*Asks:* 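Structure provided below as structure tokens; questions to follow.
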There are 4 protein chains.
Amino acid sequence: MTSEPPLRADARRNRERILAAACELFREQGTAVALDDIAQRAGVGAGTLYRRFPDRDALIRQVVIDGFGICLAAAESALEEMADPAGALDRLFRRVIEQRERLVLPLAGGPVLQDPRVQQLQHAILDALNGILAAGRAAGVLRDDITAEDLITAAAMACRPMPHLPRETGEALALRHIAVYLHGLRPEGAPPLPATAPSPSDVGRHVALEQQTRQEDS
Amino acid sequence: MTSEPPLRADARRNRERILAAACELFREQGTAVALDDIAQRAGVGAGTLYRRFPDRDALIRQVVIDGFGICLAAAESALEEMADPAGALDRLFRRVIEQRERLVLPLAGGPVLQDPRVQQLQHAILDALNGILAAGRAAGVLRDDITAEDLITAAAMACRPMPHLPRETGEALALRHIAVYLHGLRPEGAPPLPATAPSPSDVGRHVALEQQTRQEDS
Amino acid sequence: MTSEPPLRADARRNRERILAAACELFREQGTAVALDDIAQRAGVGAGTLYRRFPDRDALIRQVVIDGFGICLAAAESALEEMADPAGALDRLFRRVIEQRERLVLPLAGGPVLQDPRVQQLQHAILDALNGILAAGRAAGVLRDDITAEDLITAAAMACRPMPHLPRETGEALALRHIAVYLHGLRPEGAPPLPATAPSPSDVGRHVALEQQTRQEDS
Amino acid sequence: MTSEPPLRADARRNRERILAAACELFREQGTAVALDDIAQRAGVGAGTLYRRFPDRDALIRQVVIDGFGICLAAAESALEEMADPAGALDRLFRRVIEQRERLVLPLAGGPVLQDPRVQQLQHAILDALNGILAAGRAAGVLRDDITAEDLITAAAMACRPMPHLPRETGEALALRHIAVYLHGLRPEGAPPLPATAPSPSDVGRHVALEQQTRQEDS
DNA sequence: GATGAATGAGTTTTCATTCAT
DNA sequence: AATGAATGAAAACTCATTCAT
């Protein structure tokens, strides 16, 4: 999925372990978590972590990219099943929520945004969402004034970590919230929305990042 | 609103400045932000900050309490207007969202929960929300299977910081999201929710805290 | 001598101690010496050192500036005594060598050069040296083809640390070397120099830095 | 020139590359430079470097020995041409300066001195220099009070790295400095030297090491 | 024999907290 | 009471050295 030179088998395994540990700890404790703790949970030395990811930002960036990849796969998968436009969004959100534990998309500020891979993923996600929205509108099952940015906002909200809740409880709350939200997306009797949709240029490169979940504890 | 001994005028002003600066920075950078930075933004010396708040937890706790106070005021205000059950939730969320910039309710772990003031506020909020829900159900404008915990989840989602978006953009996204969500709360044609409501004991002391917005950046 | 806001008395004292310790250790062990060691020799905590000098370069830069200041004072002092052109250079080198223990002028690369204070000092030194040279030439006691850059080179050579020699031995070697060199500067029977003088633009901002002494041990 | 067991062709090539890279980097950045950087500039893996040189000291020692070898060859070569005592020193310094880029003779502390090869080289160099001095004095072209230690000091000064200057500029400055110095060695009108010559026992095992050039940057 | 990945101790740097001014 | 300087413990980061491939 990356275009880097192939790593030795053990190096690749360590890399994966580091990313998995980082994802967990970022969700549990925020991206300010001690990198040594990540290394320890991954079962590697601190030096190994730094060899793969020269600084905290590089590690965050990769975790974010992986998360965007998961989201894109879910979106494209939903797009392929558009024969059933009414159920497409339901399946999309369900899939994303199912994988929420692998999503750490902190608003990491500038560094993340500079990365062309991130921008490419964001665009691809927006494209897929717009395709889904168009099909839903055409089928008359979606209100017209909802944008891809709204969907991303909803997904971001549903996927943010709730580390102090048991996994099942957090997931139940997210699923229930999204079920209500999706019910609200149906066009019947929809009142006008209270604020104009931010244009893509308003949201610009920002919104996709908002899909991120934010963390931090003390 | 608190019952502390009166402070000298300048001391009070410093205290307010510190809390405002802490709120901003907690939302922008997480509760792990350097306390020196808070002191600097507040325009006071580090020593002054420590005089008012003996440690980080005390500062977080006060910011959280202030946030809960805002939420409770909004909920009680909505409860008083229950003559119009259909509009009560709309007004409630609108008020909370309007004041989202003053809400920093991080899951600060144990310390916050120990504080009787926090628990009292949480209970009061739950009571008000249940009152609103009961009225709405009675008026037939709300689906029956929604709980106070669901509402708290929705509010938490809508109020989390989006520091990389312009203030208006973030607010527009939150308002639009909640508008759809509230529309989805109408009972007509509502499909069953996909997960059973976490019971208060499932959520226990946790959910109220989830009303907090989480933070952290790099 | 600096234009910074006045420091508290204790802070100033610590600052001076840090600079003195840094100078000693830079000369003994090179500018790569552990900053903790500098803090320890200065009798302050590591944090104090970092408060005054945010990174190694800032500390090196200040020590370099102080060294340039010493050199400039010696040069201007010599310039004032130009009534005796024959002895001016002798007194200049003698003064600089006397203070060699306070001179740590490592080639610290870009950072130092960017500093306007450094450049100003370099220019002032060059001006003074050119004045001395002009007077010496006019008096017929100096060969014509020697430049200020040559003098700086000679001073740099004489002042470099020789930490493995007793102080007196190192100073004796430097004094003897410069005495021979100065004898060689007299115009009688001087053979042409074997390489054309680097023009100021060749040497540019570099030569003055060469006045620095280089260090390093293992 | 060494009596080590023969290496495979590629191993020998790697060894040479490592020494050349080490020499360059020691001069540029000091002997504290990261060994990984040396391996990288040599185009070999870290493991290969360690196979050849078990630790940093072993590598430094060999570079130093190679440098002393160059100096000794220059001195013995000058000694052979003593038919022209007046030009002998000129040729000697010119040769050493020509090869200054290959000279890295850091005061590596104890370890170097323990090596019998280093001590042997130092003695041989002193012998040759004393031979040259004796011939020059006998021919009346050299002042009497100059010692071999003085010459070593001069050579050390002229050969120290000036990594921030272009190679030609640094060499020009060194050649010009030594030309003046050598002119200053003529006995005519020489004023007494300002400090007594350090006796060999004062300088002891130290001076020869001072032939080394010192390094370190930030 | 060469490679470069992993390790962990050492160094740098930050920052919560205390305290002299 | 306010300030900001000093401290030192903790976290980030580097790099010499070892070792599996």
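For clarity, every value in this text was computed on a predicted model and none was experimentally measured. Naming convention: chains lettered A, B, ... in sequence-line order (proteins, then strands); numbering from 1 in each chain.
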*Asks:* For D:L49 and F:dT17, what is the distance between atoms CG and P respectively, to the nearest whole Å?
*Replies:* 10 Å

*Asks:* Is any side-chain N or O of C:R51 closer than 4.0 Å to OP1 or OP2 of F:dT7?
*Replies:* no

*Asks:* At under 4.0 Å, does any side-chain N or O of C:T48 touch on OP1 or OP2 of F:dT7?
*Replies:* yes

*Asks:* Just to be sure I understand the rule, does C:R12 reach a base, reach only the sugar-phosphate, or reach nothing, if contact means heavy atoms closer than 4.0 Å?
*Replies:* nothing

*Asks:* Nearest whole Å is fine: how far is E:dA5 P from A:R17 CZ?
*Replies:* 16 Å

*Asks:* Does F:dA6 have OP1 or OP2 under 4.0 Å away from a side-chain N or O of C:N14?
*Replies:* yes

*Asks:* Only pairs with both distances under 3.5 Å count, Watson-Crick or wobble alike; so what is the partner of E:dT21 in this structure?
*Replies:* F:dA2

*Asks:* Could you tell me the separation between the CD1 atom of B:I60 and the OG1 atom of B:T31, rounded to the nearest 0.5 Å?
*Replies:* 4.5 Å

*Asks:* Identify whether the distance between the nearest side-chain nitrogen and carboxylate oxygen of C:R27 and C:E101 falls below 4.0 Å.
*Replies:* no

*Asks:* Both C:P54 and A:G43 contact DNA chain E. Which one's nearest nucleotide lies toward the 5' end?
*Replies:* A:G43

*Asks:* Once you round it to whole Å, what is the distance between C1' of F:dA5 and CG of B:D36?
*Replies:* 11 Å

*Asks:* Taking atom C1' of F:dT7 as reference, at what distance in whole Å does atom CD1 of C:I18 sit?
*Replies:* 12 Å

*Asks:* Counting any heavy atom closer than 4.0 Å, what does C:R52 reach on the DNA or RNA strands: base, sugar-phosphate only, or nothing?
*Replies:* sugar-phosphate

*Asks:* Provide, to the nearest angstrom, the distance between the CG atom belonging to D:L35 and the P atom belonging to F:dT14.
*Replies:* 16 Å

*Asks:* Can you check whether C:R15 reaches C:F53 side chain to side chain, under 4.5 Å on heavy atoms?
*Replies:* yes

*Asks:* For C:L35 and C:L49, work out which heavy atoms get closest and say how close.
*Replies:* O-CD1, 3.6 Å

*Asks:* Output the rounded distance in Å from CZ (D:F53) to P (E:dA2).
*Replies:* 12 Å

*Asks:* Let's test this: given Watson-Crick or G-U wobble pairing with both distances under 3.5 Å, identify the partner of F:dA10.
*Replies:* E:dT13

*Asks:* Would you mind telling me which residue lines up with the more 5' stretch of DNA chain F, A:A34 or B:G47, judged by nearest nucleotide?
*Replies:* B:G47

*Asks:* Whole angstrom is fine here: how far is it from OH in B:Y50 over to P in F:dA1?
*Replies:* 19 Å

*Asks:* Taking CD from C:Q40 and C1' from F:dA6, how many angstroms apart are they, rounded to a whole number?
*Replies:* 16 Å

*Asks:* Starting at the 5' end of DNA chain F and moving along, which residue's nearest nucleotide shows up first, A:A46 or B:A46?
*Replies:* B:A46

*Asks:* Among the nucleotides E:dT7, E:dA5, F:dA5, which one has an atom lying closest to any side-chain atom of A:V44?
*Replies:* E:dT7

*Asks:* With no hydrogens and no angle check, just 3.5 Å: does a side-chain donor-acceptor pair link C:Q62 and C:D66?
*Replies:* yes

*Asks:* Got a salt bridge between A:E28 and A:R41, using NZ or NE/NH1/NH2 to carboxylate O under 4.0 Å?
*Replies:* yes

*Asks:* Which sits closer to the 5' end of DNA chain E, C:D10 or A:G45, going by the nucleotide each is nearest to?
*Replies:* A:G45

*Asks:* Looking at E:dT12, I'd like to know if its phosphate oxygens (OP1 or OP2) sit under 4.0 Å from a side-chain N or O belonging to C:R56.
*Replies:* yes

